[in-house]
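Below is one structure, written out as structure tokens; the observations come after it.
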Amino acid sequence: MEPFLSQVARHYYSNTQIGKYVFVFPNRRSMSFFRHYLSLAVKDITLNVGAVANGGRARPLIVPKMYTFGDFMYACSGASASDRVTLLLRLFDCYRKVGGPGNADSLDEFIFWGDVILKDFNDVDNYMVDPKAVFTNVTEFRQLEDTSYSYMTDDQLEAVKAFVHHFKEGGQMKFDPSGEGIKSSFLQIWEILYPLYNEFRRSLMDEGLFYSGMINRDLAERLSEESVTDILSTAFPGASKFVFVGLNDIDKCGKTVLTKMHKAGVAEFCWDYSSDMIKDAGNKSTFFMKDNLTEFKPSFDIDPAGVTVPRINVVAVPSGIGQVKYLPKIFSEISQDISKVGDLVGGKDCAVVLPDENLLMPLLNTIPEGIKDINVTMGVPLSSSAIYSLMKDVAELQFHLRKGKEGMMFYHRPVWNILKSPVMTAVIKFEKENGDDAIEGLLERLNRQKRYYIPYSWFQGSTLLETVFKPVITDIALSDASQIKAFEEYLLGVISYLAPRLPDNLSTEKEYARKYWGCIMRLRENTLPVKPSTFAVLLERVLSTESVAFEGEPLKGLQIMGPLETRALDFNNLIILSCNEGVFPSRGSSPSFIPPSLRVGFGMPTYEYDDAVAAYNFYRMIQRPSNVWLLYDTRTEKMLPGEESRFIKQLSYHFKVNMKRMVAEEGLNTAVAEDFVQKPSDIAQRMKDIKLSATSMETYLSCPAKFYYTSVEKLKPKDEVAETLDNAMLGVVYHGTMQALYLGGIAMNPGFSLDKDNIDEHVGDGSLVPLKEITLKYIGEWLKRKDEIRLKVRSLIEEQLNIPEVSGRDLVIEDIIVKYVLKTLAIDKAELEARGLDSFKVLGLEKECHWKFGEWRFKGFVDRVDSFGGVMRVVDYKTGKVTENDCKIDDSNAREVAEKLFGEDVRERPKIAFQLFLYDMFMEKDPLSAGKELYNSIYSTGDMFTNHPVTVKISQQFVSIVRDEKLPAILKEMSDPDVPYRRTSIEDQCKFCDFKMICGRNPKKDN
Ligand code: SF4
């Protein structure tokens, strides 16, 4: 189908006066395409459908002037709108002047609803609503019959009556307007909106400032006194005609201007409205257009032969990013030669429409290499840049400053985020190469000590780190202009230091840095007596409007754009992502103080307008392509139900379009891992050097590939600073407290380190004499010293988390650990009493044990070895649940347990069977066990409050099966270079595996 703009270009090219015409479009991109189609006409090139311009003869052309509709209105009026922050600050001044309710001195409070008021004033003006009527004073409102309201239409009066009824009945207020409650608070603001509107406009006019609605309204009102042709000839000297191309939703000011121009015979209109679906009376897409067509007849017949319904494919994808990953498949359908996708000729032209901006960066990172030319019409927002993320963390750094013993300290999270940022990494590299010798040592210390709060002094010595890690905010709750000035200076200082040091491959980030710098400079023009958090909100608002154009040759290559940018444009291949209900069309409408009933009564936009705009854009963009792909995310996420867009449902049920439906497979285009990892050729030797443990053997049995990463390659997950105690840390604290209790003496002092060297040192100098016997009396005393146990637990938590004090959720965990410790003491006491003993012997705590099995060596730490009379116990404290069934290994089930233990990909592998076997092997030759019966005792925190610890004697038959049969076989397999490491086929295990990314076995639904 011939593109709409091409038809317009051909039509007007034949007009010799075109050089004197002014063309007005809905957006800039359509101007570029129109220029392109005009140039095709000039060159007498056959357009897409084979039509030949000007009967086959080329004619030179003076390119006409082109504007967007917004710019056209500004050009007519000779004014332009001020930026949002200036308007907001001015509005705040006026708000205070008219005595707005609430804390009128606090810009911090005002800022959140100031924007809402600005938008409402804009709507009031764009729709030429009488402000006095719409902001009716409820308190003074009398009777409908009162002639003083005759300036309102009947509809308006009805709307006002319904609105006032919420507050008044029979002329009497239903509640105290100066009281509390939502209605009172609303009314307090409502009653000042009219004076505020007047004051705001007056104050802006005094200084020659404007907001866009104000400009448009003033222009429209001028037309009742001035001739439109006079205004136009001043704004556009020499222009003879104005052609409005591809518009749809036009507000009342715009309509007023167009009507005057139409009557004066200087305006022509080209409406993009051809398909049966877009014209369907039941379709919201007709909402604006039916009036447009009535009021402004089209200048010529677009698509005289009609348009056909494209081939539509609907693809359900079980992830957001998955939609992006599906694109290469579509590109290969468009052209087998992927470098041709996006070519404007030959039907390969292609646009990807992104209703969800968040998919832009993943999309840019996924475009196949073969596609060289890309045009991102929507611009890449500053908020998606690395500079933006970095500066957000730099601001965060200031919001979480803390004063401690070591001076000002930074919260670790923003510090690490900053250091990990690609921008910072590049600048650190630059600094090192250019003589910053201190930086390496400072970073090494940060890495080594992993502090929760990091002292400011740790960054001294490196100019870069001193510039970034500098405490600036002195009081986060203070609304103070000088503090904000210092904050601005600091942010400018950081950005000015970083940007010039960025390497060429981050040149786009330099551009973002320049924009960021400009935004702060704009804010700096104002005095802002606000809290730092309010400043951050303001900065965010300024930054949110900034983007960097990501354009090559504008008419070449794959086009990526938001739904609004598609207006007036046509592509043969159209791919729309995020066709989800709630995304396209989006859900809800923007906040407003003007209730919907009043908006309807006064002809102001409501949520219906937004729906109608989205419907028009959707049905317009699918009018002329040959192929359309609609992709949607099937997951239910946040507030979105994973439901396809109503547009897809309408196509299916209302328009009965025959669509091809597909479900994309999960894990699209992720690196597909082989089922095996090859062993290193020297594995036999390396295995001899590895000290195996119960954990490493259990790892091998559950996933040999994971054993390879952890034990052979010795890879470790990145050691990050923990925010709160995890299960492993909880185990360490519980183990540590029990160890300290049974070591006795100073070991229970908070702050006494249970590090082996520290214990040896104190044992060596005699300050710690480890207990040999634990008596009933000793246990009984500690059972009463709960607070001292708590202090020990607390100090161990602080040590684990590297924090100065335990708070929040960790206090709850502290309480839980104290309960575990007291229960463990109570269990030991009960054990003694049951056996009629007064004490038990401690034979070892955190005892290091070894076992040599042929050429293989095993090592482990036993939590506790004790002796109750002639019984020796190997005690294991387990955080989690271990039941009798897990430990029950007797002669009757020995073979079955061994088979399950060593089987491949067994889902219910016996939990602790190998550990029990290994502990027996550790103790077998230990002199301590001579003449004693050996038992394993499992103190499981998941079970200790309901059951006595499981104490078992392991089956000798099981020991023989493992030692003589299963273990030699598995160790042989582990050392055989010809047997590769198998990856588990139980993918559930991969979800929580630390190596899932390097393994290539990305668990599904991980996006
Ligand atoms: S990701 Fe899965 S297959 Fe890979 S090492 Fe981890 S558990 Fe094994």
Side-chain angles (χ1 to χ4, degrees), residues 318-322 325 362 365-366 635 664-684 686-687 689-720 722 726-729 731 856 858-860 878-882 886 899-915 918 966-967 969-1007:
S319 100
I321 306 266
K325 289 181 176 170
N365 293 330
T366 327
R635 293 170 313 160
E665 287 170 20
E666 295 180 358
L668 290 158
N669 289 340
T670 50
V672 179
E674 300 278 335
D675 286 339
F676 299 98
V677 180
Q678 284 310 317
K679 278 198 179 117
S681 55
D682 60 347
I683 187 64
R686 286 170 78 171
M687 279 297 291
D689 297 337
I690 295 172
K691 281 192 180 143
L692 296 164
S693 65
T695 308
S696 63
M697 287 305 294
E698 278 157 12
T699 302
Y700 184 86
L701 293 169
S702 66
C703 177
K706 190 170 178 183
F707 171 83
Y708 168 64
Y709 297 131
T710 52
S711 298
V712 180
E713 294 300 341
K714 302 203 185 310
L715 302 181
K716 284 188 186 153
K718 197 157 171 44
D719 188 15
E720 299 204 332
D726 60 22
N727 206 35
M729 289 176 171
W856 291 284
F858 288 82
K859 181 182 172 186
K878 280 250 179 280
T879 41
K881 192 163 182 174
V882 178
D886 295 314
E899 292 298 340
K900 266 187 165 180
L901 176 60
F902 288 91
E904 268 186 23
D905 295 340
V906 176
R907 279 190 183 268
E908 290 180 6
R909 195 180 301 280
K911 263 189 207 157
I912 57 166
F914 191 82
Q915 178 194 314
L918 191 58
K966 295 291 183 188
L967 188 58
I970 205 87
L971 290 168
K972 186 165 176 289
E973 176 191 302
M974 291 166 82
S975 310
D976 186 346
D978 295 331
V979 181
Y981 291 113
R982 188 173 40 79
R983 287 183 163 98
T984 180
S985 66
I986 304 174
E987 289 202 15
D988 281 356
Q989 279 180 211
C990 305
K991 274 188 190 159
F992 305 105
C993 175
D994 289 323
F995 305 99
K996 62 189 175 199
M997 297 317 288
I998 57 168
C999 179
R1001 183 62 81 72
N1002 291 354
K1004 290 165 184 175
K1005 295 189 180 184
D1006 199 42
N1007 295 319

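Just follow the structure's listing: the first ligand is 1, and inside any ligand the first atom is 1. Because the structure is predicted, anything quoted here is derived from the model rather than measured.
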Ligand-residue contact atoms, ligand 1 with [X], heavy atoms, under 4.0 Å:
X: Lys706; answer: 5 (S)
X: Arg983; answer: 3 (S)
X: Tyr709; answer: 5 (S)
X: Cys703; answer: 3 (S), 5 (S), 7 (S), 8 (Fe)

Just do the side chain to side chain donor-acceptor pair (under 3.5 Å) check on Tyr981 and Glu973 with the steps written out, would you? CA-CA 9 Å; Tyr981 291 113; Glu973 176 191 302; over 6 Å; no
From the options Pro704, Ala705, Cys990, Ser985, select the one whose nearest heavy atom is closest to atom 2 (Fe) of ligand 1.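 Checking each option, the heavy atom nearest atom 2 (Fe) of ligand 1 is found in Cys990.
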Cation-pi, Phe995 ring and Lys706 (6.0 angstrom, 45 degrees):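 No; the conditions do not both hold, so Lys706 does not lie above the ring face of Phe995.
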Shortest non-hydrogen contact from Pro977 toward Lys679: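 Shortest heavy-atom contact: O-CB, 4.0 Å.
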Any salt bridge linking Glu899 with Lys966? Criterion: basic side-chain nitrogen under 4.0 Å from a carboxylate oxygen. yes
Under 4.0 Å between a side-chain nitrogen and a carboxylate oxygen: does that hold for Arg686 and Glu713? yes
May I ask you to check whether Cys993 brings an N, O or S atom to under 2.8 Å from atom 6 (Fe) of ligand 1?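 So Cys993 counts as coordinating atom 6 (Fe) of ligand 1, yes.
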